[in-house]
**Student:** 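One structure coming up, written as structure tokens, with questions to follow.
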Amino acid sequence: MDPVAKALWFIESHLGGEVSLDDIAEASGVSRFHLSRAFSATLDRSVMRYLRGRRLSEAARALAYGAPDILSVALEAGYGSHEAFTRAFRDQFGITPDQLRAQGTIEGLDMVEPIVMQQNIEVKLEPPRFLQGRAMLIAGLGQRFEYESMDGIPALWERFHAHLGNMAGEVEGVAYGVMANSDDKGFDYICGAEVADFSDMDPVLTRIRIPPQKYAVFSHRDHISTIRNTMHAIWAGWLPGSGHEVADAPSLERYGREFDPRSGAGGLEVWIPIKG
């Protein structure tokens with residue numbers, strides 16, 4: 001079982017108790033950072049939001065079936081008070097627990113049902129190469145994304161193309177997608193290019209310093225639309241069995257001259273920071 005499958009099993013087995021991200025990561029055999037990245041790469045959502053959605057969905061089912069005591073349902077869902085449970089329930093479903101119990105049906109609710117891991121499209125990764133990356137200065141357009149809302153990344157790239165090739169001190173020919181400051185909810189993503197320095201930089205541009213770092217570098221030779229399959233194969237397949245530990249540092253997508261941003265073809269490299 002890969003760490004995502006283990007996490008899903010653990011969550012379903014502990015819906016009624018106190019569970020932290022550290023607990024789920026420990027049961028999955030990886031760090032919380034690794035699990036957050038693998039889970040989001042596979043399922044497009046954060047671990048804890050999925051857990052919260054599952055608990056609230058089971059609570060909604062219990063209320064629709066006539067549970068007499070809302071506080072007991074709240075406690076079983078991991079909420080210490082009626083008020084906290086009601087706020088979370090309304091945020092999830094748009095109605096209060098009392099209203100759902102009165103209507104007596106979950107029809108029309110956006111329920112989060114248990115995910116059963118299906119056989120993913122098999123991706124045969126080429127063996128990675130390892131390199132000691134040098135320090136770099138990257139400038140571009142940045143935005144904070146939650147794991148559930150990554151669909152905006154292509155639009156960010158489209159806006160960045162107007163700046164590519166026109167930035168002061170730009171090292172031409174290579175663009176980078178930088179994923180930094182990841183936590184269990186989301187990450188900062190910067191579409192950028194390497195620059196010689198940050199002087200005279202357009203203030204609209206985001207700047208990030210990439211420190212020297214060891215990377216495992218994977219080739220993705222297919223269309224950009226299939227990058228998710230490669231990410232899943234790396235985070236949920238190769239990394240857990242590799243003997244390497246991911247470093248808490250930015251990961252990179254490297255788009256060389258061979259990549260065609262108009263067609264999405266040409267391939268790219270995925271640089272995963274590792275310790276050692």
**Student:** Which donor-acceptor pairs under 3.5 Å do the side chains of residues 83-93 make with protein atoms, sequence neighbours left out?
**Tutor:**
| residue | atom | partner | partner atom | Å |
| --- | --- | --- | --- | --- |
| T86 | OG1 | H82 | O | 2.9 |
| T86 | OG1 | H82 | ND1 | 3.2 |

**Student:** Between CD1 of I227 and CG of L268, what distance do you get to the nearest 0.5 Å?
**Tutor:** 4.5 Å
**Student:** Which residues satisfy the salt bridge (Lys or Arg N to Asp or Glu O under 4.0 Å) test with E113, sequence neighbours excluded?
**Tutor:** R61
**Student:** Determine yes or no for a side-chain-to-main-chain donor-acceptor pair under 3.5 angstrom, with H14 supplying the side chain and F10 the backbone.
**Tutor:** yes
**Student:** First locate atom CG of L35, then atom OG of S28, and finally report the distance between them rounded to the nearest 0.5 Å.
**Tutor:** 4.5 Å
**Student:** For F187, give me all partners under ring pair (Phe, Tyr, Trp, His ring centres under 6.0 Å), at least two apart in sequence or on another chain.
**Tutor:**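 Counting only residues at least two positions away or on another chain, F187 forms a ring pair (Phe, Tyr, Trp, His ring centres under 6.0 Å) with Y147.
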**Student:** For V204 and L141, work out which heavy atoms get closest and say how close.
**Tutor:**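 Looks like O-CD2, 4.1 Å.
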**Student:** Answer yes if F218 and Y215 sit in the same cluster of Ile, Leu, Val, Met, Phe, Trp and Tyr residues linked by side chain heavy atoms under 4.5 Å apart, and no otherwise.
**Tutor:** no
**Student:** Does anything in residues 227-244 form a salt bridge (Lys or Arg N to Asp or Glu O under 4.0 Å)? List the pairs, not counting sequence neighbours.
**Tutor:** D44-R228
**Student:** Test L56 against V112 for side-chain contact (heavy atoms from CB on, under 4.5 Å), laying out the working first.
**Tutor:** CA-CA 8 Å; L56 289 170; V112 178; over 6 Å; no
**Student:** If the threshold is 4.0 Å, N to carboxylate O, is there a salt bridge linking R32 and E26?
**Tutor:** no
**Student:** If you take all heavy atoms of I274 and Q213, which pair is closest and at what distance?
**Tutor:**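 So the minimum-distance heavy-atom pair works out to O-NE2, 2.9 Å.
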**Student:** Give a yes or no on whether I234 and I224 share a hydrophobic cluster (residues Ile, Leu, Val, Met, Phe, Trp, Tyr; joining criterion: side-chain heavy atoms under 4.5 Å apart).
**Tutor:**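 Result: yes, single cluster for both.
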**Student:** With R129, which residues qualify under side-chain hydrogen bond (donor to acceptor under 3.5 Å, both in side chains), at least two apart?
**Tutor:**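 For R129, the residues satisfying side-chain hydrogen bond (donor to acceptor under 3.5 Å, both in side chains) (neighbours in sequence not counted) are E269.
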**Student:** Does L205 share a hydrophobic cluster with L156, counting links as ILVMFWY side-chain heavy atoms below 4.5 Å and allowing steps through other members?
**Tutor:** yes
**Student:** Tell me, yes or no, whether the heavy-atom count around D22 atom CG, taken from other residues, nucleotides or ligands under 6.0 Å, exceeds 12.
**Tutor:**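 More than 12 within 6.0 Å, yes.
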**Student:** According to side chain to side chain donor-acceptor pair (under 3.5 Å), does anything in residues 62-76 pair up with another residue at least two apart or in another chain? List the pairs.
**Tutor:** D69-S72
**Student:** Looking only at side-chain N and O atoms, does N229 offer a donor or acceptor that is under 3.5 Å from a partner on T226?
**Tutor:**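 No, because no side-chain N or O of T226 sits under 3.5 Å from a partner of the opposite role on N229.
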**Student:** Are L239 and V30 side-chain neighbours, meaning at least one heavy-atom pair lies under 4.5 Å?
**Tutor:**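 They are not in side-chain contact.
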**Student:** Side chains of residues 190-197: which donor-acceptor pairs under 3.5 Å do they make with residues two or more places apart or in other chains?
**Tutor:**
| residue | atom | partner | partner atom | Å |
| --- | --- | --- | --- | --- |
| E194 | OE1 | R134 | NH2 | 3.0 |
| E194 | OE2 | R134 | NH1 | 2.6 |
| E194 | OE2 | R134 | NH2 | 3.3 |
| D197 | OD1 | S199 | N | 2.9 |
| D197 | OD1 | S199 | OG | 2.4 |

**Student:** I'd like to check W235 versus T42 (side-chain heavy atoms, cut-off strictly below 4.5 Å). Are they in contact?
**Tutor:** no
**Student:** Test: side chain to side chain donor-acceptor pair (under 3.5 Å). Region: residues 97-106. Which pairs qualify, not counting sequence neighbours?
**Tutor:**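 Those involving residues 97-106 are T96-Q99.
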**Student:** Would you confirm whether R254, through its side chain, and W271, through its main-chain N or O, come within 3.5 Å as a donor-acceptor pair?
**Tutor:**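 No: the side chain of R254 does not pair with the backbone of W271.
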**Student:** Can you establish whether the number of heavy atoms outside E18 located under 6.0 Å from its atom CD is more than 12?
**Tutor:** no
**Student:** Can you see which heavy atom on A249 is nearest to which on P273, and at what distance?
**Tutor:**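 That would be O-CG, 3.4 Å.
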**Student:** Is any side-chain heavy atom of V217 less than 4.5 Å from a side-chain heavy atom of P128?
**Tutor:**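 V217 does not reach P128 side chain to side chain.
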**Student:** Where is the tightest heavy-atom contact between Y50 and P114, given as atom of each residue plus distance?
**Tutor:** OH-CA, 3.4 Å
**Student:** When the ring centroid of Y255 is compared with that of W157, is the distance short of 6.0 Å?
**Tutor:** yes
**Student:** Could you report the tightest heavy-atom contact between L109 and A60, atom names first, then the distance?
**Tutor:** CD1-CB, 4.1 Å
**Student:** Measure the shortest side-chain to side-chain distance between P240 and H34 over non-hydrogen atoms and say whether it is less than 4.5 angstrom.
**Tutor:** yes
**Student:** Among I115, L51, V19, exactly one meets side-chain contact (heavy atoms from CB on, under 4.5 Å) together with I11. Which residue is that?
**Tutor:** L51
**Student:** Examine M201 and F160 and state if one hydrophobic cluster contains both, with Ile, Leu, Val, Met, Phe, Trp and Tyr joined whenever side-chain heavy atoms are less than 4.5 Å apart.
**Tutor:** yes
**Student:** Sequence neighbours excluded and cut-off under 3.5 Å, please list the side-chain donor-acceptor pairs for residues 169-178, or say none.
**Tutor:**
| residue | atom | partner | partner atom | Å |
| --- | --- | --- | --- | --- |
| E170 | OE1 | G165 | N | 2.8 |
| E170 | OE1 | N166 | N | 3.3 |
| E170 | OE1 | M167 | N | 3.2 |
| E170 | OE2 | G165 | N | 2.9 |

**Student:** Does any pair with a residue in residues 207-224 pass salt bridge (Lys or Arg N to Asp or Glu O under 4.0 Å), and if so which ones, sequence neighbours excluded?
**Tutor:** E126-R221
**Student:** Where does the angle between the aromatic ring planes of H244 and F130 fall among parallel (under 30°), tilted (30 to 60°) and perpendicular (over 60°)?
**Tutor:** tilted
**Student:** Could you grab the distance from atom CG of D2 to atom CG of L8, nearest 0.5 Å is fine?
**Tutor:**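 Spacing of CG (D2) from CG (L8) equals 8.5 Å.
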**Student:** Between R37 and S182, is any pair of side-chain heavy atoms under 4.5 Å apart?
**Tutor:**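 Counting from C-beta outward, R37 and S182 do come under 4.5 Å.
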**Student:** Report yes or no: do F33 and V270 belong to one cluster of Ile/Leu/Val/Met/Phe/Trp/Tyr joined by side chain heavy-atom distances under 4.5 Å?
**Tutor:** yes
**Student:** If you apply the rule salt bridge (Lys or Arg N to Asp or Glu O under 4.0 Å), what do you find for R49 with E146, and how did you get there?
**Tutor:** CA-CA 10 Å; R49 182 167 291 188; E146 293 188 353; 3.1 Å; yes
**Student:** Is the backbone N or O of S263 less than 3.5 Å from a side-chain atom of H223, with the two atoms forming a donor-acceptor pair by type?
**Tutor:** yes
**Student:** Compare all side-chain heavy atoms of P250 with those of M179 and state whether any distance is below 4.5 angstrom.
**Tutor:** no
**Student:** Can you run down the salt bridge (Lys or Arg N to Asp or Glu O under 4.0 Å) pairs that involve residues 235-246, sequence neighbours left out, and say none if there aren't any?
**Tutor:**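 Residue pairs passing salt bridge (Lys or Arg N to Asp or Glu O under 4.0 Å), neighbours aside: E245-K275.
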**Student:** Could you tell me the separation between the CD1 atom of I153 and the CD atom of E158, rounded to the nearest 0.5 Å?
**Tutor:** 14.5 Å
**Student:** Over 60° means perpendicular and under 30° means parallel, so tell me whether Y189 and F145 are parallel, tilted or perpendicular.
**Tutor:**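 Because their plane-to-plane angle is over 60°, the rings of Y189 and F145 count as perpendicular.
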**Student:** With sequence neighbours excluded, give me every salt bridge (Lys or Arg N to Asp or Glu O under 4.0 Å) pair touching residues 175-192.
**Tutor:** R144-D183, R144-D188
**Student:** On a heavy-atom basis, which atom in V73 and which in A59 lie closest, and how many Å separate them?
**Tutor:** CG1-CB, 3.5 Å
**Student:** How long is the span from the CD1 atom in I24 to the NZ atom in K6, to the nearest 0.5 Å?
**Tutor:** 14.5 Å
**Student:** Less than 4.5 Å apart, side chain to side chain, heavy atoms only: is that true for F39 and L21?
**Tutor:**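 No - every pair of side-chain heavy atoms lies 4.5 Å or more apart.
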